[in-house]
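Any value given below was found using the heavy atoms of this structure, including those in side chains, with hydrogens, waters and symmetry copies removed.
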Amino acid sequence: MKTRILAVLLALMLITAGTAMANTLADIVKRGELRVAVQSGAAPYAFVDKNGDHTGSMVDFAKDMADRMGVKLKILDFDWDGLIPALLSGKADMLAADMTPTLKRSLKISFCDPWYWVQPAVFTTREATFMRPKDVDKPDVTVGVLLGSTGETIAKKYLPNAKIKTYKGGGRMIVQALLAGHVDAGVNDDLAVLTVLPDFPPKSVRVLDRRLGEGKDPLAFAVRHDSVNLWQWVNQYFKFARSDGSYDKNIKYWMESTDWKKDH
């Protein structure tokens, strides 16, 4: 009898769990709104333009997702260290940031398939004598990174002798700190660095030729562990986007040119 009762309880638990997972996407459609957590200080991925509107490559992808779902898009803005908590708390259905999947982060959230790849880069002032990453790896050198970012992890791994100083916000914060003399160099993904440089005095900052680390880092959207159906849908979305040309259109505009600067 006890065995039968336990079997029934287990079956009910599995049914309940399956229903919970199956309802994530249905809840979005029923609500009529897709809630996406972003960090707005990260052009060209996500930022607020001159008109006060949220925009960027990942925001455009999220808008397209919402359109194809037949729902409205709600952008929720958080600091970098508030993105994962916002997703886990249920405030957001999805996380859209220039975030690299890692095993540690995957203990908390589920990453969708990568949609883009970047390389970590070291940058410094035009006058600095650093030529290679190993020139920065010294006890008297202070390196600026974004708190909780992959850049922070990579800097600590490949520049173990340097002093690591963390900042909250977007990549622009590190460039500002560099030009203000608060740090001697910075580490961020190469695209994020090159994107913000035109906003600062010409030739005031340079990126070292050799990238930091090994290979490229993937970027991916993320959902909660129980949002299996939403995870599947996002992966399927990118397959469709690649096949109908909308993915290439987004990448060429936001990632492979600076035309968006004139529009936003």
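- Clustering ILVMFWY residues whenever any of their side-chain heavy atoms sit less than 4.5 angstrom apart, transitively, puts Val207 in a cluster other than the one holding Met131.
- When side chains are defined from C-beta on, Arg35 counts as touching Asp93, because their heavy atoms get closer than 4.5 Å.
- Here the straight-line distance linking atom NZ of Lys249 with atom CG of Asp64 works out to 10.0 Å at 0.5 Å rounding.
- To the nearest 0.5 Å, atom CZ of residue Phe240 and atom OG of residue Ser246 are 11.0 Å apart.
- By the neighbour-count criterion of 12 heavy atoms within 6.0 Å, atom CG of Asp209 is sparsely surrounded, having that number or fewer from other residues, nucleotides or ligands.
- With values rounded to the nearest 0.5 angstrom, Ser227 atom OG is found 9.0 Å from Leu25 atom CG.
- Cluster membership check: Leu179 shares its hydrophobic cluster with Leu146, using side-chain heavy-atom separations under 4.5 Å among Ile, Leu, Val, Met, Phe, Trp and Tyr.
- To the nearest 0.5 angstrom, Asp81 atom CG is 6.0 Å from Asp79 atom CG.
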Practice prompt. Tell me, with the steps shown, if Asp98 and Val118 meet side chain to side chain contact (heavy atoms under 4.5 Å, CB included).
Written response: CA-CA 9 Å; Asp98 51 325; Val118 294; over 6 Å; no
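- Of the N and O atoms on the side chains of Asp60 and Tyr253, not one donor lies less than 3.5 Å from an acceptor on the other residue.
- Shown here for Phe111 and Ala222, the closest heavy-atom pair between the two residues is CD2-CB, 3.9 Å.
- Proximity of a side-chain donor or acceptor of Asn235 to a complementary backbone N or O of Asp113 within less than 3.5 Å is detected.
- In this structure the side chain of Leu212 reaches within 4.5 angstrom of the side chain of Val187, judged on heavy atoms.
- The two residues Met99 and Ile109 come nearest to each other via the heavy atoms SD-CD1, 4.4 Å.
- A side-chain contact (heavy atoms from CB on, under 4.5 Å) with Val122 is found for one member of Asp190, Ile154, Leu208 and no other, namely Leu208.
- Transitive grouping of hydrophobic side chains (ILVMFWY, heavy atoms separated by less than 4.5 Å) keeps Ile84 and Leu230 in distinct clusters.
- By the 6.0 Å contact criterion, CZ on Arg210 is open, its count of non-hydrogen atoms from other residues, nucleotides or ligands being 12 or less.
- With hydrogens and angles ignored, the 3.5 Å screen pairs no side-chain donor or acceptor of Thr142 with any backbone N or O of Asp184.
- Salt bridge status for Asp67 with Lys63: absent, with no side-chain N to carboxylate O gap under 4.0 Å.
- For the residue pair Asp53 and Thr55, no side-chain donor N or O sits within less than 3.5 Å of a side-chain acceptor on the partner.
- Atom CD of Gln39 is separated from atom CE of Met58 by 11.5 Å, given to the nearest 0.5 angstrom.
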Fill in: Worked check of side chain to side chain contact (heavy atoms under 4.5 Å, CB included) between Ile174 and Phe123
CA-CA 10 Å; Ile174 311 176; Phe123 58 96; 3.6 Å; yes
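- A 4.5 Å side-chain heavy-atom check between Glu152 and Trp80 finds every atom pair outside the cut-off.
- The pair Arg224-Asp27 does not count as a salt bridge, with every side-chain nitrogen at least 4.0 angstrom from each carboxylate oxygen.
- A donor-acceptor pair under 3.5 Å is formed between the side chain of Arg206 and the backbone N or O of Ala128.
- Nearest heavy atom pair, residue Ser110 against residue His225, reads OG-ND1, 2.7 Å.
- The two atoms that bring Arg126 and Val205 nearest to each other are NH2-O, 3.5 Å, heavy atoms only.
- Side-chain contact between Leu147 and Met173 is absent, with no heavy-atom pair separated by less than 4.5 Å.
- Side chains of Val145 and Ile164 form a contact here, defined as non-hydrogen atoms less than 4.5 Å apart.
- When every heavy atom of Pro101 is checked against every heavy atom of Ala220, the shortest pair comes out as CG-CB, 3.8 Å.
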Fill in: side chain to side chain contact (heavy atoms under 4.5 Å, CB included) assessment of Thr24 paired with Trp231
CA-CA 10 Å; Thr24 308; Trp231 176 84; over 6 Å; no
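- In summary, the aromatic rings of Trp254 and Tyr116 are positioned with their centroids too far apart to meet the 6.0 Å limit.
- Hydrophobic cluster membership differs between Val183 and Val141, with clusters built from Ile, Leu, Val, Met, Phe, Trp and Tyr side chains linked at under 4.5 angstrom.
- With hydrophobic clusters built from ILVMFWY side chains whose heavy atoms lie under 4.5 angstrom apart, Leu95 does not share a cluster with Phe47.
- Side-chain contact check for Lys216 versus Pro114: every heavy-atom pair is 4.5 Å or farther apart.
- Asp189 CG to Ser149 OG: the interatomic distance, rounded to the nearest 0.5 Å, is 9.0 Å.
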Item to complete: List the steps, then state whether side chain to side chain contact (heavy atoms under 4.5 Å, CB included) holds for Thr100 with Arg105.
Response: CA-CA 9 Å; Thr100 299; Arg105 288 171 179 162; 4.1 Å; yes
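- Salt-bridge check for Lys261 with Asp199: passed, with a basic side-chain N closer than 4.0 Å to an acidic carboxylate O.
- Considering only heavy atoms from C-beta on, Thr195 stays 4.5 Å or farther from Tyr45 through its side chain.
- Here the closest heavy-atom approach between residue Met255 and residue Pro44 is recorded as SD-CG, 3.9 Å.
- Counting only heavy atoms from C-beta outward, the side chains of Thr102 and Thr153 never approach each other to under 4.5 Å.
- Note: Trp115 and Phe238 have parallel aromatic rings, judged against thresholds of 30 and 60 degrees for the angle between ring planes.
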